[in-house]
Amino acid sequence: MSLVSFRFFALTGVAVLVYYLLPLKYRWTAILASSLFFYYSLGSSALIPVICISVFSYIMGLVIEKSDESRKRKTLISIAVIVLLSILALVKLSGHFSTLSQYIIVPTGISYFSLSIIAYLLDVYWKKEKAERSPLRFLTFVLYFPKILQGPISRHKLLGEQLKEGKRFDWEQLCFGMQLVLWGLFKKIVIADRLSIAVSNVYSQLDTYREHGVVLAAAMIFSALQLYMDFSGYTDMAVGISQMFGIELEQNFNHPFFAESAAGFWQRWHMTLSGWFKDYLFLPVSRTEAVKKLSKKAGNRFGAAARKKTMMICSTAVVWIATGLWHGTGINYIVWGIYWGSLMIISQLAEGLFTKMKTALSIKEEAALWKLFRMFRTFLIFVFGKMISAQENMKNVAIILKSLFTKLHPGDVKMIAGLGMYGYDFAIVALGLILVLIVSVIQEKGVCIREQTAKWYAVPRWLFYCLAVTVILLIGLYGKGYDTSTFAYQFF
Amino acid sequence: MEELLEVLKESCPTVDFENETELVSGKVIDSMDLIAIISDIEEAFDISIDMDKIEPENFDSLEAIWELIQQIKGE
C-alpha cells in the first residue's frame with residue numbers, strides 16, 4: 001500500500017475514527033490493528049520476523065529490568081544489542097550476495113525500528129525508563145504505522161507513554177494534523193516527484209551526460225532538493241497523522257538549509273538519527289577505556305584542549321563511519337560517512353584558525369551577507385555529499401567530479417530543459433520551492449502558521465483548505481504512470 | 001569540595017566553577033568537557049557514574065556535582 005494512495009488515507013481515516021470511539025485505555029488497539037494491516041499490505045512475509053524481533057526485545061526489556069546483578073545486566077544488554085545489530089547487518093549485507101538475498105526477508109523499516117528498540121533497551125538498562133509491560137503495546141510502538149517506513153526514530157519514552165495513556169479528542173489537533181499531512185503531500189507529489197524525474201534521468205544515463213558538467217551540477221542540486229522535499233514531506237505526513245491521534249512525534253527537520261555549518265546542518269537534518277547517534281554511540285564511545293587512556297595521554301603531553309580534541313576525533317570518527325554504514329553497506333556510503341566525519345573533525349580542529357581569519361578580514365559574525373554565504377556553503381557541502389551517496393559506485397563519483405572540473409560548458413544550460421521536466425514542471429517546482437522558502441523563513445522567526453490560520457473566520461479558512469487540496473490534486477504527480485509509492489529514505 | 005574544585009579546574013581550566021550555576025544547561029561546557037569531567041571525577045573519587053546519572057541538573061554547578069558524588073558514594 002502506497003502512502004500516497006486513497007487506500008492509505010482511507011485506512012488513516014478509519015483508524016482515527018475507531019481510535020476516538022474506543023475507551024481511552026484501549027485506544028492504542030486501533031493503532032495496532034491499522035499498523036498490522038498496513039505492514040501486512042507492504043509484504044505479508046515480513047510481518048513474522050518483525051513480530052519475532054518485537055517479542056525478543058519485549059522479553060529482554062523485562063529481564064534486564066528485573067535483573068539486579070550488574071554483571072548479568074551487562075551480559076543481557078550486550079546479547080540484546082548484538083542480536084539486533086546482527087539482524088540489521090545481515091539484512092543490509094544480504095543485498096551484496098545474490099544467493100543470500102534469496103533466503104532473507106527484508107522487513108520494511110528495519111533500520112528505523114531497530115534503532116528505536118536498541119534505544120529502548122539501553123534506556124531500560126541505564127534505568128532511564130521502565131520496561132513496557134504489555135507485549136501488544138510494545139508491538140504497537142515498533143510497528144506504529146505513520147513512522148514505520150522512514151521514522152522519525154521515536155523513543156519509547158515519548159511514544160510508548162502516549163500510546164498507553166490514550167489521547168482525548170481535540171478538534172484543533174485533528175485539523176492541525178490534516179494540514180500538516182497536506183503540506184507534506186505537497187512537498188512530496190508536487191515538488192520532489194517532479195525533481196526526481198530529472199535526477200533519475202541524468203544519474204541513470206551518466207555516460208550520456210559525462211561530457212556536460214552543467215547538467216550534472218544541475219542534477220546534483222535537484223537531487224539534494226528532491227531528498228529534502230521527499231524526506232521532510234514524509235516526516236510532515238508522519239507527524240501530521242500522529243497529531244490526528246493527538247500523539248506528538250519527535251521533530252526530524254528544522255529548516256536544515258538555514259544551517260551555517262556542517263555541524264549545524266546535522267542539528268537540523270534527520271534530527272532523530274543524529275540524536276540517536278549522540279546519545280547511544282558518541283557518549284558511550286567517549287567513555288570507553290581506550291578513548292579515555294588515549295585522550296589522557298594527549299592531555300598530559302599537550303594540555304587539556306588536546307585531551308578534548310582527541311576524545312572528539314575518536315568518537316566522531318566512530319559515529320560517522322557507523323552513520324555511513326546505517327545508510328548502506330556500499331563503499332560510497334562509507335566514503336560519505338568519512339566525508340561528513342572529516343568535515344566535523346576539521347571544523348572543530350581549525351576553529352581557532354577560522355576565528356583568527358575572521359578577525360584579520362574584519363568579518364562581522366552577525367552580518368547578513370556573511371550568514372548567507374555560510375548557508376550557501378553548507379548547502380553546497382550537502383549537495384556534494386548527496387551526490388556521493390546517490391551513486392552506485394565510486395567510479396561514477398569520479399566521472400561526475402571530472403566533468404564538474406573539466407566539462408563545464410555554459411552552453412549546456414539549455415540541456416536542462418530536456419531532462420524529462422517540461423517548462424510547466426519547472427515553473428511549478430520553482431513556485432513550490434519559493435513557497436517552502438517563505439514558509440520556512442516565517443517559521444524560523446517563531447511564527448506558527450497553522451495557529452495563525454486557525455484564527456481566521458470559518459468561511460475564508462475552509463475556502464483556503466479546499467483551495468489547497470484542489471491545487472495538490474491538480475498539480476501533484478500521482479496515479480497511473482507515476483511511482484509515488486516509494487520515498488527516498490524508505491530503503492535505508 | 002576543595003578537592004572536587006581542583007579536579008574540575010584541571011579538566012577545564014577556563015571555566016568559573018565557583019560561580020556558574022548552569023554549566024550544562026547554559027552551555028558553559030560542551031559534551032566533550034562534560035565527558036572529561038566525568039572521567040576525572042571517576043578517577044579522583046574512585047566511583048563509577050552510570051549513564052542514568054548523566055543529566056544536566058547533576059552537572060550544572062559545583063554543588064550539584066558534589067551532591068552527586070556523595071549520593072553515589074552512599075549507594
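Just so it is clear: chains get the letters A, B, ... in the order the sequence lines come, proteins before strands, and each one is counted from 1. All values reported here derive from a predicted model rather than from experimental measurement.
With a 4.5 angstrom heavy-atom cutoff, A:Lys309 does not touch chain B via any of its atoms. For B:Asp40, the parts lying near chain A are the backbone and the side chain together; criterion is any non-hydrogen pair under 4.5 Å. With a 4.5 angstrom heavy-atom cutoff, A:Asp123 does not touch chain B via any of its atoms. Only the side chain of B:Glu42 comes within less than 4.5 Å of a heavy atom in chain A; its backbone stays farther off.
Remark: B:Met32 CE to A:Thr310 OG1 distance equals 10.5 Å, nearest 0.5 Å. Taken to the nearest 0.5 Å, the NZ atom of A:Lys308 stands 10.5 Å off from the CD1 atom of B:Ile35. To the nearest 0.5 Å, atom CG of residue A:Leu122 and atom CG of residue B:Asp52 are 12.5 Å apart. Atom OG of B:Ser39 is separated from atom CE of A:Met311 by 5.5 Å, given to the nearest 0.5 angstrom.
Residue A:Lys358 qualifies as enclosed at atom NZ: its count of foreign heavy atoms under 6.0 Å is above 12. Within 6.0 Å of CD in B:Glu67 there are 12 or fewer heavy atoms belonging to other residues, nucleotides or ligands. Within 6.0 Å of the CD atom in B:Glu10, the count of heavy atoms belonging to other residues, nucleotides or ligands does not exceed 12. Annotation: B:Glu6, atom CD; neighbour count of heavy atoms from other residues, nucleotides and ligands within 6.0 Å does not exceed 12. Residue B:Asp46 qualifies as open at atom CG: its count of foreign heavy atoms under 6.0 Å is 12 or below. In the displayed structure, A:Glu444 atom CD is contacted under 6.0 Å by more than 12 heavy atoms of other residues, nucleotides or ligands. Within 6.0 Å of NZ on A:Lys164 lie no more than 12 heavy atoms contributed by other residues, nucleotides or ligands.
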List the steps and the verdict of side chain to side chain contact (heavy atoms under 4.5 Å, CB included) for A:Lys127 and B:Met51. CA-CA 8 Å; A:Lys127 296 176 186 162; B:Met51 288 294 281; over 6 Å; no

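The choice from B:Ile38, B:Ile49, B:Thr14 that makes the most heavy-atom pairs within less than 4.5 Å of chain A is B:Ile49. The choice from A:Lys278, A:Met312, A:Arg287 that makes the most heavy-atom pairs within less than 4.5 Å of chain B is A:Arg287.
Looking at A:Lys292 and B:Glu43, no side-chain N of the basic residue comes within less than 4.0 Å of a carboxylate O on the acidic one, giving no salt bridge.
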